[in-house]
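Structure, as structure tokens:
In what follows, every chain begins at residue 1, and chains take the letters A, B, ... in the order their sequences are listed.
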2 protein chains.
Amino acid sequence: MNSKLENLWEEVRELSLGTTPQIDRLHTPPTPLQFLRHYLSQNKPFILSASAATTLQWPATTLWTSTSYLLNTLSSSTVSLHLTPTGQADSLTAHPSNPDSLCFASAHVQRAPFSDAIHAIKASRKDSNKGFVAYAQQQNDCFREEYGALAGDCDSDISWATEAIGGLPEAVNLWIGNDLSETSFHKDHYENLYAVVTGEKHFLLLPPTDVHRMYIREYPAAQYVYSEETEEFELKLENPTRHVPWCSVNPYSLPKEKKKEMTKFPLYYNGPKPFEVIVKAGEILYLPSMWFHHVRQTADNRELTIAVNYWYDMQFDIKYAYFNFLQSLTCCKSHSHALNGGESFTNEDVFDGDENLREELNGC
Amino acid sequence: MNSKLENLWEEVRELSLGTTPQIDRLHTPPTPLQFLRHYLSQNKPFILSASAATTLQWPATTLWTSTSYLLNTLSSSTVSLHLTPTGQADSLTAHPSNPDSLCFASAHVQRAPFSDAIHAIKASRKDSNKGFVAYAQQQNDCFREEYGALAGDCDSDISWATEAIGGLPEAVNLWIGNDLSETSFHKDHYENLYAVVTGEKHFLLLPPTDVHRMYIREYPAAQYVYSEETEEFELKLENPTRHVPWCSVNPYSLPKEKKKEMTKFPLYYNGPKPFEVIVKAGEILYLPSMWFHHVRQTADNRELTIAVNYWYDMQFDIKYAYFNFLQSLTCCKSHSHALNGGESFTNEDVFDGDENLREELNGC
């Protein structure tokens, strides 16, 4: 095992993040200075209790528990609906023509009247031959666009974050799903304030220092295509072929696959546990830029989970430069020995998805 | 040359610091939020113009130009005076018993009435067989201790920094010297606000990402001992032997030594130029934690340079963990090839001064 990388993972926890899988919980909202000083500057997450967040005062908190309110308010809205066979969009699945390898599968996305979208989400079924899981989400500022009719029900920004960062959110996104939808490990280039309105979101978090533990590799991009006629999905590779760098680790693999996964991804399974955060209705998670996150959800008594997240621009500063350097440290045989204490830690094990780098590594 | 390290040096400049040797110059003082957002969080220096700093309103700005004011006010004060043969304290010099190697030499420090100290500073001569360079400085909060009688002449803290950081300075230090005194490349574990009162300070700055360019190695510690009787210095090795990790690069080596220095320290000489900052009377430099800095000075018309610096506690956060990881990346032969494109980049070239690490490297 690479002792220097391990030291990094441990040190960032010992110095800053804490050595348990819990993150800071705040019971009063931070001032802009406190947010900058203790969290944003340090790239450190926290959760803000419902009693301290202003979310409980949002009209959304009460209004959105009524599906008929949503249906009435959005009666003339068309929204983006993501359909997958299992609830896993933007995730790795068996390659359509070579089941021994994996591809990166995106959802079938269709525009639908909101009433159809809600019907589809509630009708979602998983793991059946005929069926789908529907998730209303589009990370393109959809809350202020497609769902503009609801915009008055939430704060347009998180005031202490706006003041600290010195600008309004770049995008505000709405997420309506149920407990079948899951988002695989990935990172975003934004400072993220994530507010849950109904239901719960379950996050697994790893700091950017742990990038090698995610086994980011390149996978061929594919897309689900759903036929309403046959009620079946077809998974189509993109043509021309495009490769997407993506995290290889599935933290909730099936029990029968767990042992194989642990062998394939020892840095993930043998290293420090990810931070676990359950964000309940009314709570806000500060998810710092570049943190890896995996998201599952539990639904409210209507079988819905609804959340709004605010993406603020991140600073591309020394932290980002350090991250890119860290990620560039991949291995050839001779290098792997120094970095990895002799374990088999090859291009295949840690690969950052850059073609030039792949060549550089193969050449060394 | 190691392309990945080079990429890091370049990227932090392209993204954040700028690609010229100049740092940001502010003409209005930052608000605490601006200081945190744009500088402290990003580990990025700036200089505050005299017109914007409140230093010009300090009584010190006028009072300290009068040596008799200083003598009167400090007539009963005893201060710490650092004596060296050449003005270079805490710097590398020829080993006393093996002139082909170097040691880390500290100044002869003596307590002296302030009037004697000023006399010694003004009487300083360099590079003579008999003579000394005197520098009144002690980085132990001396401004609030030894020089307490002057404390009312300057602000007790830098208000926007105090509010941003959320606490008062850990130490405030006074520096009285002339243009013979020089401080070799080093870094401090503090956020540093450096205010010049009379004369000028000339800084060379390198960000923490450039740590390998400093060629930090371990040197045996030694101390100058000055005899008033013979007016000569003796350089004595500490007994028992103690090793100090120190930057090997002297950016102002003698012309006859320059070529050899460039061969010994190619990463310094072939990489991006250091940031150059002249801090004039009334100006304040924000020198971020962990930045390498080399300091020379020019004197006022009395042959004095006087400065006050405020050390605030730094956060030991993800940036610090990244730095430690970066610094831990040293080289053995096989590793050096991957990291360094095949150049001779050995333990001797980059060594971080940790005995365990030295063993780890020798073993790989």
Side-chain angles (χ1 to χ4, degrees), chain A residues 3-5 7-17 31-44 163-167 207-209 288 290 315-339 341-342 356-357 360-361 364, chain B residues 3-17 31-44 163-167 207-209 288 290 315-339 341-342 357 360-361 364:
Chain A
S3 67
K4 289 174 183 175
L5 280 180
N7 285 347
L8 173 61
W9 307 333
E10 279 168 24
E11 190 173 45
V12 72
R13 286 165 173 80
E14 280 165 12
L15 291 173
S16 175
L17 304 173
T31 66
L33 279 172
Q34 288 167 337
F35 175 50
L36 266 178
R37 185 195 300 146
H38 296 301
Y39 297 101
L40 194 139
S41 165
Q42 300 195 39
N43 199 242
K44 178 176 174 177
E163 197 177 336
I165 290 165
T209 47
M290 308 298 287
Q315 298 276 6
F316 292 91
D317 61 10
I318 196 172
K319 294 189 282 285
Y320 185 71
Y322 272 132
F323 173 81
N324 285 339
F325 171 74
L326 177 66
Q327 183 167 249
S328 78
L329 296 178
T330 50
C331 310
C332 57
K333 285 287 175 197
S334 61
H335 188 181
S336 77
H337 184 76
L339 256 181
N356 293 331
L357 187 58
E360 181 191 339
L361 294 172
C364 82
Chain B
S3 67
K4 288 174 185 175
L5 279 180
E6 277 191 330
N7 285 348
L8 172 62
W9 307 334
E10 280 167 23
E11 189 172 46
V12 72
R13 286 164 173 81
E14 282 164 12
L15 291 174
S16 175
L17 304 173
T31 65
L33 278 173
Q34 288 167 339
F35 175 51
L36 267 178
R37 186 195 299 146
H38 297 300
Y39 296 101
L40 193 138
S41 164
Q42 299 195 39
N43 199 243
K44 179 176 175 176
E163 197 177 335
I165 290 165
T209 47
M290 306 299 287
Q315 297 277 5
F316 292 91
D317 59 11
I318 195 172
K319 295 190 281 287
Y320 185 72
Y322 272 132
F323 173 81
N324 284 339
F325 171 74
L326 177 65
Q327 183 166 249
S328 78
L329 296 178
T330 50
C331 311
C332 57
K333 284 286 175 197
S334 62
H335 186 182
S336 77
H337 184 76
L339 257 182
L357 187 59
E360 181 191 338
L361 294 171
C364 82

- Item | Member of A/Thr209, A/Asn7, A/Leu326 meeting the side chain to side chain contact (heavy atoms under 4.5 Å, CB included) criterion with B/Phe325 | A/Leu326

- Distance from A/Ile318 atom CD1 to B/Phe323 atom CZ, nearest 0.5 Å? 9.5 Å

- Message: So, taking the atom named CZ in B/Phe316 and the one named CD in A/Glu11, what distance separates them when rounded to the nearest 0.5 Å?
- Response: 10.0 Å

- Grab the two heavy atoms, one from A/Ala321 and one from B/Leu8, that are nearest each other, plus how far apart they are. O-CD1, 3.4 Å

- What's the shortest heavy-atom distance between B/Leu40 and A/Ser41, and which atoms? CD2-OG, 4.4 Å

- Go through the structure and list residues passing side-chain hydrogen bond (donor to acceptor under 3.5 Å, both in side chains) with B/Tyr39, not counting sequence neighbours. B/Asp24

- Note on the structure: In terms of heavy-atom pairs under 4.5 Å with chain A, the winner among B/Glu14, B/Lys319, B/Glu10, B/Arg37 is B/Arg37

- Contact leader toward chain A among B/Leu15, B/Leu17, B/Asn43, B/Val12, where contacts are heavy-atom pairs under 4.5 Å: B/Leu15

- Under 4.5 Å from a heavy atom of chain B, the part of A/Glu163 involved: both

- Item | All side chain to side chain contact (heavy atoms under 4.5 Å, CB included) counterparts of A/Gln42, not counting sequence neighbours | A/Ser16, A/His38, A/Lys44, B/Gln315, B/Asp317

- Could you tell me which portion of B/Ile165 (side chain, backbone, both or neither) has an atom closer than 4.5 angstrom to a non-hydrogen atom of chain A? backbone

